[in-house]
Visitor: 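Sharing a structure below in structure tokens format, with a few things to ask.
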Amino acid sequence: MMEEYTEPHAASTDHAPGVGENEPSGSRTTYTVGLAFALLLTGASFIVSQTNLLWEPGVPAGLAVLAIAQMGVHLVFFLHISTGPDNTNNVLALAFGVLVVALIVSGSLWIMAHLNANMMPASAIM
Amino acid sequence: MLLLDRHVGMHFFTNDGGGNFMMYINLIWIWGHPEVYILALPAFGIFSEVIATFAGKALFGYRSMVMATLAICVLSFMVWLHHFFTMGAGADVNAVFGIMSMIIAIPTGVKLFNWLFTLYRGRIRFEVPVLWAIGFMVTFAIGGMTGVLQAVPPADFVLHNSLFLVAHFHNVIIGAVLFGAMAGYYYWFPKAFGFTLDRRLGIVSFWCWFIGFYLAFMPLYALGLLGMTRRMQHYADVSWQPYLIVALLTLVYLMGAR
């Protein structure tokens, strides 16, 4: 009943996520550059929020821009997301994560807005 | 978020400051629905292995099987509101989530037909794992159909929190996950431990679970339609009694027959 195990796709170049990706992909320089960028962006967001450098109503937008840039720095320098062909799995996983977060946030906002519009105010139930 | 509510004075789940306790139910099911697919998908993988092996054929439609798995992965994140249609969201919210819940039955149906076509004209050896797999296909098809029925929001308003729902949930989880675990257990046991489990006892155990499942949960479907809700510690309607006695006797049957 049990046959000897043979590798089903031995000839194919296809491989599972994480297989053969164990060589260290970052160097001391990239990590240092990444850290410098991250500190720069963190410092910038403190400056933006504490001083009048930005037009005051624009501060939240400015902080959002800096936060997104921070995410980009982390992804590129620390999590080694690149556009290389060996990185498709990571990029797809990231895209799926972004999709799920977008679904959760937008779906929750939509549902809760409906509940607020349709239901008795919660204070009246109590 | 609960921790922040309790200790830092935030209002995610309390009514002050724009919070809403229904948010908790919302978030629980955003997690909870993909969770049931995380339970079911590995079981589906086991059935694909078992059925292809014991039908003596390659799995029918491998590509469509993979595509169906991926489709289920994505869709499972888009259906969570079907756990609380009755909470008071409007018609368009309920319609969207109802339709998404029906759509997720399509890739699942694709899988079922792939398994059927794998069996078709195969040289099927009725070993224990394949019994569990075929038992799963029958049981899961019934569970899937009652699921699609409840994905229709007006039907769900009738069936919400009834024993019909309880029967549906156990129908799919026992049918898929438990049967899948048992199929995989009998299938890979020789590989892991070097000897095969007793075939006769395996067959007895399968038929006890297969018949026992129907004895236990078909009465609950009927009770749900008769209007019995879940988690009751007392019921006043004596016409419910026979169904519950049958379901109870099944427990005795399942334990005695083991």
Visitor: Could you list the donor-acceptor pairs under 3.5 angstrom formed between side-chain atoms of residues 84-105 of chain B and any protein atom two or more places apart in sequence or on another chain?
Guide:
| unit_1 | atom_1 | unit_2 | atom_2 | d |
| --- | --- | --- | --- | --- |
| B:Thr86 | OG1 | B:His160 | NE2 | 3.3 |
| B:Asn94 | ND2 | B:Phe85 | O | 3.2 |
| B:Ser101 | OG | B:His82 | ND1 | 2.7 |
| B:Ser101 | OG | B:Phe97 | O | 2.7 |

Visitor: I need the B:Phe21 CZ to A:Leu115 CG distance, nearest 0.5 Å.
Guide: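 So the CZ of B:Phe21 and the CG of A:Leu115 are separated by 9.5 Å.
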Visitor: Against B:Leu27, only a single residue in B:Trp80, B:Phe12, B:Phe13 fulfils side-chain contact (heavy atoms from CB on, under 4.5 Å); can you say which?
Guide: B:Phe13
Visitor: Strictly less than 4.5 Å between heavy atoms, which residues of residues 96-107 of chain A line up against chain B? Please order them by number.
Guide: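 When heavy atoms of chain B are the reference, residues 96-107 of chain A contributes A:Phe96, A:Leu99, A:Val100, A:Leu103, A:Ile104, A:Gly107 within the under-4.5 Å range.
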Visitor: I want to check something: taking the side chain as every heavy atom from C-beta on, are B:Tyr24 and B:Leu2 in contact at a cut-off of under 4.5 Å?
Guide: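 With C-beta onward as the side chain, the pair touches.
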Visitor: Hey, what's the ring geometry for B:Phe210 with B:Phe179, parallel, tilted or perpendicular (30° and 60° as the breaks)?
Guide: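 Rings of B:Phe210 and B:Phe179: tilted, as their planes differ by 30° to 60°.
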Visitor: Quick one: sort the B:Phe117 and B:Tyr120 rings into parallel, tilted or perpendicular, breaks at 30° and 60°.
Guide: perpendicular
